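All values derive from a computational prediction rather than experimental measurement.
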Amino acid sequence: MGNDKKLTLQSEDFSAWYNEVVQRAELADHSPVRGSMVIRPWGYGIWEHMQSALDVMFKETGHENAYFPLLIPMSFIEREKEHIEGFAPELAVVTRAGGKELEEPYVIRPTSETIVYSMYAKWVQSYRDLPVLLNQWANVIRWEMRTRLFLRTSEFLWQEGHTAHATAEEAEEETLLILELYRKFMDEWLAMPPITGLKTDSEKFAGAVSSYSCEALMKDRKALQTGTSHFLGQNFSKQFELTFQSENGKEEYAWNTSWGVSTRLVGGVVMTHGDDNGLVIPPRLAPTQVVIIPILAGEETSEVLAKADEVLDQLKNTGVRARIDNRDHLSPGAKYFEWERKGVPFRVEIGPRDLEKGQLALVRRLTAEGESRRAFVPEAEAIAKLPEKLEEFQDDLLEAARVRREDSTVRGVGSLGELEEAFDSGAGFVYTGWSGDPAIEEMVKERLKATIRVLPSQEFRSVTAPSRCVSGDRESVAEVVWARAY
RNA sequence: CGGGGCGUGGCUCAGUCCGGUAGAGCGCUGCGUUCGGGUCGCAGAGGUCCCCGGUUCGAAUCCGGGCGCCCCGACCA
């Protein structure tokens with residue numbers, strides 16, 4: 001990578017572009033431990049904005065935060081059969097502590113269902129104790145074979161919600177409520193509009209009855225699973241004796257859900273909005289929304305700096321996250337490149353000429369085709385309008401992402417040949433019929449490297465449901481969405 | 001775990017074939033200069049050449065062994 005001034009072009013090597021931009025925008029760096037990363041302030045700042053937005057949404061829907069421990073007894077993880085089968089290869093295990101071999105090894109949580117539901121079992125006696133609606137913000141470890149900053153690291157940060165309900169219907173409702181909450185969050189905050197739907201058995205969470213997910217389309221037209229919401233049925237409550245006495249006095253097993261999004265979302269934002277100049281951060285997530293670059297020139301330097309301070313204060317008063325870059329060893333041009341690479345939505349330049357004319361130079365991170373990059377706007381007007389310009393920018397990013405998604409969506413594909421052709425000509429999401437046979441999934445994955453991302457939720461389905469399976473010879477039981485995925 | 005590649009200043013790499021006392025660009029420090037799209041000049045700091053062993057008068061370079069990392073495939077939020 002080096003300090004070559006230009007990034008690898010997206011069109012040349014998307015994956016190299018991603019690695020470079022993550023490091024050179026100072027989002028994250030590799031730690032000495034293979035596969036794990038240090039999240040730097042710029043990247044963590046983005047995550048913090050995601051966290052606070054989600055946290056509000058969780059609380060608005062009746063959830064509370066709690067914290068469960070990092071270490072889980074090995075026997076807990078082993079309790080649910082599919083759960084342990086799914087996670088066994090990627091567990092990190094503590095066998096020694098206090099200078100001695102432990103009697104029972106501890107697993108570093110890959111997810112917390114087992115410890116959570118074992119505790120719920122203690123707390124829940126009666127239907128009056130339900131529902132339990134908890135979330136935790138935590139780190140987890142899954143020993144992945146191949147890792148990439150943010151997208152797949154051995155340790156990552158996430159939130160995991162865990163709920164217990166008296167009825168299956170209520171738990172299913174919760175699962176879908178969260179799926180919709182995630183979707184809204186991704187639309188409104190990340191400007192990364194996912195499609196949603198049900199996972200096939202081969203892709204669902206180990207231990208779930210059914211899994212739903214959000215699937216977003218990256219700029220290279222590969223899908224990224226950006227959030228999951230699981231209906232766990234009574235699988236865990238049966239293993240951990242999570243029972244309650246119902247209204248009619250009978251002892252029953254509770255119904256559970258779990259759901260999560262992770263720091264992977266940061267990688268998703270990078271691949272959804274970034275361009276050849278670097279990151280583009282949606283304003284609502286940007287640690288700095290407006291950077292002020294004073295043009296320092298000779299005798300007017302102190303006046304320019306004073307004006308910059310004044311503008312900073314006024315922007316802060318309008319609720320804009322702004323900062324001044326007054327480093328004096330860099331030329332203005334060098335700063336432009338740096339902040340563009342870091343994806344700051346707007347830049348304000350203040351120089352002697354602007355002082356004279358009572359104006360500010362406003363530069364948007366993305367400008368429409370043919371539009372001039374730099375707009376000179378009267379100072380008061382520029383400050384007053386920036387909040388709405390930021391909202392506009394946010395909206396434009398969402399719209400552009402939607403258009404990209406729709407433009408690379410192909411519907412009504414009726415045969416394996418057409419499916420292959422679609423991917424060969426650069427399709428992102430491809431909709432087909434499916435017989436429900438996992439062998440078809442397996443075969444397509446083998447041949448085309450594409451998988452069924454979801455059985456789409458109602459609003460994403462095609463107007464006319466496909467009647468035949470993509471494999472040709474059988475009837476379709478459900479429409480499915482195929483994509484090459486991360 | 002299979003297949004490929006690579007370990008040399010902070011970073012990217014040249015030097016290795018053909019052994020002779022270690023280089024470039026970028027970055028960093030200081031001073032000056034410049035400042036509206038990656039300023040320029042001068043001076044400077046910085047390296048157990050991944051590790052261990054062998055061959056040799058002499059090893060970054062040759063030989064043997066080890067370790068680590070990256071990329072491609074099988075697993076995954």
Side-chain angles (χ1 to χ4, degrees), chain A residues 1-8 13 15-16 19-20 23-24 29-35 85-91 110-111 138-148 150-160 182 199 202-206 211 213-216 223-230 258-268 277-278 293-301 304-305 325-341 347-357 359-363 372-374 376 445-446 449 451 485-486:
Chain A
M1 173 182 69
N3 291 304
D4 301 325
K5 289 186 171 172
K6 285 199 167 155
L7 294 165
T8 298
D13 185 343
S15 171
N19 291 333
E20 287 173 26
Q23 293 213 44
R24 292 188 55 204
D29 203 351
H30 291 282
S31 94
V33 175
R34 189 192 68 87
E85 276 173 12
F87 282 106
E90 40 190 80
L91 291 180
T111 180
N139 57 337
V140 290
I141 287 188
R142 300 180 184 177
W143 214 255
E144 300 291 350
M145 301 189 208
R146 269 188 76 193
T147 58
R148 299 194 64 194
F150 290 111
L151 300 176
R152 176 165 301 108
T153 46
S154 294
E155 178 180 358
F156 58 89
L157 305 183
W158 74 345
Q159 57 70 215
E160 47 179 323
Y182 281 158
K199 286 291 193 187
S202 69
E203 295 259 333
K204 76 175 190 207
F205 175 70
S211 291
S213 81
C214 293
E215 302 279 332
L224 182 71
Q225 180 173 308
T226 49
T228 48
S229 185
H230 313 289
S258 69
W259 27 274
V261 300
S262 72
T263 38
R264 166 180 271 192
L265 289 174
V266 176
N277 296 320
I293 314 264
I295 310 301
L296 306 171
E299 58 213 48
E300 280 147 315
T301 292
V304 169
L305 282 173
D325 183 350
N326 56 12
R327 291 174 294 176
D328 64 0
H329 62 286
L330 290 181
S331 70
K335 294 178 186 177
Y336 302 164
F337 278 92
E338 181 173 330
W339 290 109
E340 277 172 25
R341 191 166 61 228
R347 170 172 86 237
V348 167
E349 303 165 15
I350 306 178
R353 294 207 293 275
D354 304 311
L355 264 134
E356 213 172 290
K357 296 181 190 166
Q359 68 183 17
L360 300 177
L362 219 55
V363 183
S372 78
R373 186 155 46 182
R374 189 172 279 101
F376 295 96
K445 185 177 180 181
E446 191 74 20
K449 290 183 177 176
T451 48
Y486 276 93

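- Looking at heavy-atom distances under 4.0 Å, A:F156 makes contact with a base.
- The residue among A:I350 and A:A485 whose nearest nucleotide of RNA chain B lies closer to the 5′ end is A:I350.
- The structure places CG of A:L151 at 11.5 Å from CD of A:E144, a figure rounded to the nearest 0.5 Å.
- Mapping A:L355 and A:F150 onto RNA chain B by nearest heavy atom places A:L355 closer to the 5' end of the strand.
- With rounding to the nearest 0.5 angstrom, the NZ atom of A:K199 is 4.0 Å from the CD atom of A:Q225.
- Atom pair A:K199:NZ and B:A77:C1' shows a separation of 10 Å (rounding to whole Å applied).
- Taking CH2 of A:W158 as the reference point, atom CH2 of A:W259 lies at 11.5 Å (rounded to 0.5 Å).
- Scanning residues 333-341 of chain A for heavy-atom distances under 4.0 Å to RNA chain B yields A:G333, A:A334, A:Y336, A:F337, A:E340, A:R341.
- Rounding to whole angstrom units, CG of residue A:L330 and C1' of B:G27 are separated by 12 Å.
- When the P atom of B:G38 is taken as reference, atom CG of A:D325 falls 15 Å away, rounded to whole Å.
- At a threshold of 4.0 angstrom between heavy atoms, the contacts of A:R347 include nucleobase atoms, whether or not backbone atoms are also involved.
- When rounded to the nearest whole Å, the span between CD of A:E144 and P of B:C75 equals 12 Å.
- Protein atom CD of A:E20 is 14 Å distant from nucleotide atom C1' of B:C26, rounded to whole Å.
- Formation of a donor-acceptor pair under 3.5 Å by the A:R142 side chain with backbone atoms of A:P110 is found in this model.
- Across the strands present, B:C57 finds its partner in B:G20; the criterion is a Watson-Crick or G-U wobble pair with both atom distances under 3.5 angstrom.
- Between A:E300 and A:I295 there is no side-chain heavy-atom pair separated by less than 4.5 Å.
- Interface remark: the A:R374 side chain does not form any donor-acceptor pair with the B:G36 base, using a distance-only criterion of under 3.5 Å.
- Within 4.0 Å of A:T451, counting heavy atoms only, lies no atom of the nucleic acid at all.
- Counting only distance, with no hydrogens or angles, the side chain of A:R264 and the backbone of A:F150 share no donor-acceptor pair below 3.5 Å.
- Separation of atoms CD (A:Q359) and CG (A:D354) is listed at 4.5 Å; rounding is to 0.5 Å.
- For the pair A:L7 CG and B:U12 P, the interatomic distance rounds to 15 Å; values are reported in whole Å.
- The backbone N or O of A:N277 sits nowhere less than 3.5 Å from a side-chain atom of A:E340 that would complete a donor-acceptor pair.
- A:N19 places its CG atom 15 Å from the C1' atom of B:C11, with the value rounded to the nearest Å.
- Straight-line distance between the P atoms of B:C18 and B:A22: roughly 23 Å, to the nearest whole Å.
- One can place CZ of A:F205 at 9 Å from P of B:A77, the figure rounded to the nearest angstrom.
- If you check B:G44 for Watson-Crick or wobble pairing at under 3.5 angstrom, you find it paired to B:C28.
- Using a 4.0 Å heavy-atom distance criterion, A:G351 is classed as a base contact.
- Taking atom C1' in both B:C6 and B:U12, one finds a spacing of 13 Å when rounded to whole Å.
- For A:R353, taking side-chain heavy atoms from C-beta onward, the closest of the listed nucleotides B:C75, B:G36, B:A77 is B:G36.
- Here B:C49 sits opposite no nucleotide as a Watson-Crick or G-U wobble pair (both hydrogen-bonding atom distances under 3.5 Å).
- With C1' as the reference atom, B:A43 and B:G19 are 36 Å apart, rounded to whole Å.
- With both pairing distances under 3.5 Å, B:G73 is matched to B:C1 as a Watson-Crick or G-U wobble pair.
- Looking at the side chain of A:F376, the nearest of the listed nucleotides B:C35, B:G36, B:A77 is B:G36.
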